[in-house]
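For reference, the structure is listed below as structure tokens.
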Amino acid sequence: MAAELTAHQLIAQHRPTLDLALETIRTRAYWSPHPEHPKAYGENGSLDTAAGKAAFDALAGTRLDLGQPGTDGWVGGEVSPYGIELGVEYPHADLDVLLPAMQAGQKAWRDAGAELRAMVCLEILKRIADRTMEFAQAVMHTSGQAFMMAFQAGGPHAQDRGMEAVAYACVEQSRTPETAEWTKPQGKRDPLALTKRFTPVPRGIGLVVGCNTFPTWNGYPGLFASLATGNAVLVKPHPRAVLPLALTVQIARDVLTEAGFDPNLVALAAERPGEGIAKTLATRPEIRIIDYTGSTAFGDWLEANARQAQVYTEKAGVNTVIVESTDDYRGMLANLAFSLSLYSGQMCTTPQNLLIPRDGIRTDQGAKSYDEVTADLARAVDGLLGDDARANALLGAIVNPDVKARLEAAAGLGEVALASREVTNPEFPDAVVRTPVIVKLDGAKPEDEAAYTSECFGPVSFAVAVDSADHAVELLRRSVREKGAMTVGAYTTDPQVEEAVQEVCLDEAAQLSLNLTGGVYVNQTAAFSDFHGSGGNPAANAALCDGAFVANRFRVVEVRRPA
């Protein structure tokens, strides 16, 4: 097919947006080109809520033919956490055919240069944004997120993270000039003179191993970081969450074709039930970059065994909040209740351990004992989720049976301060919806330590009684160092405690939120401004997004000749 998108058109349309993104990652101010309210959609060619739902419904029972080489069969079988069968089939690839086909287009993509690659990436993101409401349904029915969260996190926030990666890729690739004239004086002799050309060259094929809970939000940074730096990208979605990433691949292939590039620069690797192709792919010599979000066990395996690849992992951590004192007790409880409840705690940033001095805390409502703080937090969660309609809108659905099993087992670990209850979803009666459980543990008892020092992914939190603020800080340090943390929170009015917590987070490389009582929560981060993870503790070896996340996806090759 002849190119329909010229370089001039792409640059004219997307350069202003890229310039704003570049300025924002420098200032770390608030900015987003993607509206985060559904009412903003339905104009300028984008789908509104009803059209997005119709587009999603139309996919049921269809075969998503991507036109990839090496297709040797069809796979499917996704069932929504809300209880409906998606019925979409995807191409299954013969890797010995697909991977060489992906490599074939890399030369032209490399030679296109960093700016044009960025513009193509932004065109892909624009077309994804035009179908945000369709993606919201796809994310909702593969992750179990409630609609509003699936729309925001799976739509504009994911698109922001993808664009952020493109911006960082541009910065890193432009650090070295394209050419240089080099002259070295030689005294009375003629100077030595060379002309030098510097070219960013891709590492090879990037592999994105998708996750079940945030397929686009966690998938887009690696996908666009690798693509913008000249690499082909193979997307291996989680078997329960194929559709959002398959639609992404379909759009990317269309844009690449229209821009005159090989569509096989982006491809999908869906798998048969139980096939487990991630390990096979991860050690193939063609795979030179891996982006992974998921369990610590497989993340550790990738880091140890995918030796031919640059591996970026976001694994598990034990997120901790120290509750030492507050000047807004009601605001603190409301903020924590929302953080514990959002998406049934199925976020890598949800707080798990709440470290509370056993002698109580100081508040603007007077002294509160450990038991009072725990009981008041339980009441705050109960109040937030007491109405089933509101509970469904916040909790979404339990994403898989493993989360449900952990939730049910948690009640046996200690005294239950807040019991989990079942919530009925009238629109989706087969959905498994559960409110959080809060279990009281003692930080001084070795028998309780195994529970609170292990990640319990899902709507489970531990109110851990500690001897003092110093004890809390000590437990925080040990937890982050040994288990890792994506987020740390603290509530304190004591400057010395604040300083001690901050020092731990600086020493152990953990992102810290202090005294959040309003509409910003410890488990949320904003693209272009907040770093998601640090890459400096066991929870993740990379941060979304910084220069280090993109800089090693390419190398600079120099060609020099006499001037």
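Below, all heavy atoms of this structure are taken into account, side chains as well, without hydrogens, waters or symmetry copies. Note that the numbering runs from 1 along the sequence shown for the chain.
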Would you say E508's side chain and G484's backbone share a donor-acceptor pair under 3.5 angstrom? no
Do other residues, nucleotides or ligands put more than 12 heavy atoms under 6.0 Å from Q9 CD? yes
Evaluate the ring planes of W217 and F214, with Trp represented by its six-membered ring, and classify them as parallel (under 30°), tilted (30 to 60°) or perpendicular (over 60°). perpendicular
Taking atom OH of Y90 and atom CG of D65, what is their separation to the nearest 0.5 Å? 13.5 Å
Aromatic rings F56 and H141: how do their planes relate, parallel, tilted or perpendicular, breaks at 30° and 60°? parallel
Identify the residue among V557, V556, N231 that makes a side-chain contact (heavy atoms from CB on, under 4.5 Å) with V201. V557
Report, as yes or no, whether the 6.0 Å neighbourhood of atom CD on E178 holds more than 12 heavy atoms from other residues, nucleotides or ligands. no
For the student: nearest non-hydrogen atoms of I277 and A269, plus distance: CD1-O, 3.7 Å
For L268 and V249, which heavy atoms make the closest approach, and how far apart are they? N-CG1, 4.0 Å
For the atom pair CD (E134) and CG (L247), what is the distance rounded to the nearest 0.5 Å? 5.5 Å
Side chains of T453 and E482: is there a donor and an acceptor less than 3.5 Å apart? no
Below 4.5 Å, heavy atoms only, C-beta onward: do L20 and P33 meet side chain to side chain? no
Within the side chain of D94, is there an N or O that forms a donor-acceptor pair under 3.5 Å with the backbone of G70? no
Take E123 and M119 through the side chain to side chain contact (heavy atoms under 4.5 Å, CB included) test and state the conclusion after the steps. CA-CA 6 Å; E123 177 65 20; M119 299 306 132; over 6 Å; no
Pairwise side-chain contact, P35 with Y41, heavy-atom cut-off 4.5 Å (strictly under): yes
Show the nearest heavy-atom pair for residues R307 and A304, with the distance to one decimal. CD-O, 2.9 Å
Any side-chain heavy-atom pair of T350 and L342 under 4.5 Å: no
Going through the checks in order, is the ring pair (Phe, Tyr, Trp, His ring centres under 6.0 Å) test met by F298 and Y292? CA-CA 9 Å; F298 190 58; Y292 167 77; 5.3 Å; yes
Under 3.5 Å donor-acceptor, E258 side chain and L5 backbone: no
Looking at side-chain heavy atoms only, is the closest gap between L227 and I124 below 4.5 Å? yes
Mark yes or no: R553 above the aromatic ring of Y312, with NZ or CZ under 6.0 Å from the six-membered ring centre and no more than 45 degrees from the axis. yes
Can a donor-acceptor pair be found, under 3.5 Å and without considering hydrogens, that links the side chain of N305 to the backbone of T283? no
With heavy-atom distances below 4.5 Å as the criterion, would you say the side chains of C545 and F528 are in contact? no
Would you say CZ of R15 has more than 12 non-hydrogen atoms from neighbouring residues, nucleotides or ligands within 6.0 angstrom? yes
Would you find a donor on one side and an acceptor on the other, under 3.5 Å apart, between the side chain of T313 and the backbone of K315? no
Kindly indicate whether the side chain of R478, heavy atoms from C-beta on, has any atom under 4.5 Å from the side chain of R481. no
Which pair of non-hydrogen atoms, one from S174 and one from C170, has the smallest distance, and what is that distance? OG-O, 2.9 Å
Kindly say whether I289 contributes a backbone atom to a donor-acceptor pair with the side chain of Q310 at under 3.5 angstrom? no
Rounded to the nearest 0.5 Å, what separates atom CZ in R131 from atom CD1 in I251? 4.0 Å
Test item: side-chain donor near acceptor, H157 and Q524, under 3.5 Å: no
I'd like to check K53 versus D57 (side-chain heavy atoms, cut-off strictly below 4.5 Å). Are they in contact? yes
By the definition side-chain hydrogen bond (donor to acceptor under 3.5 Å, both in side chains), identify the one residue from Q68, E271, E275 that meets it with H92. E275
Is the backbone N or O of E89 less than 3.5 Å from a side-chain atom of R63, with the two atoms forming a donor-acceptor pair by type? no
Examine the side chains of Q159 and T132 and answer whether a donor and an acceptor come within less than 3.5 Å of each other. yes
Looking at every non-hydrogen atom in both residues, tell me the closest pair between A158 and G154 and how far apart they are. CB-O, 3.7 Å
Quickly, which of R406, Q352, M347 forms a side-chain contact (heavy atoms from CB on, under 4.5 Å) with F457? Name it, please. R406
Greater than 12 external heavy atoms within 6.0 Å of K404's NZ: no
Any chance you could measure T487, atom OG1, to D530, atom CG, to the nearest 0.5 Å? 11.5 Å
Keeping the roles fixed (side chain from N400, backbone from V403), state whether a donor-acceptor pair exists under 3.5 Å. yes
Side chain to side chain, L10 and V120, heavy atoms closer than 4.5 Å: yes
Within 6.0 angstrom of N44 CG, more than 12 heavy atoms from elsewhere: no
Salt bridge present between R284 and D96 (N-O < 4.0 angstrom): yes
Looking only at side-chain N and O atoms, does Y220 offer a donor or acceptor that is under 3.5 Å from a partner on T248? yes
What is the minimum heavy-atom distance between P401 and R240, and which atoms define it? CD-NH2, 4.4 Å
Checking W182 side chain against A563 main chain: does a donor-acceptor pair fall under 3.5 Å? no
Keeping the roles fixed (side chain from S534, backbone from A509), state whether a donor-acceptor pair exists under 3.5 Å. yes
Testing the 3.5 Å rule here: is there a donor-acceptor pair between the side chains of R161 and T525? yes
Side chain to side chain contact (heavy atoms under 4.5 Å, CB included) between H532 and T349, worked out: CA-CA 9 Å; H532 175 75; T349 50; 3.6 Å; yes
Does any donor atom in the side chain of N552 or R203 lie under 3.5 Å from an acceptor atom in the other side chain? yes
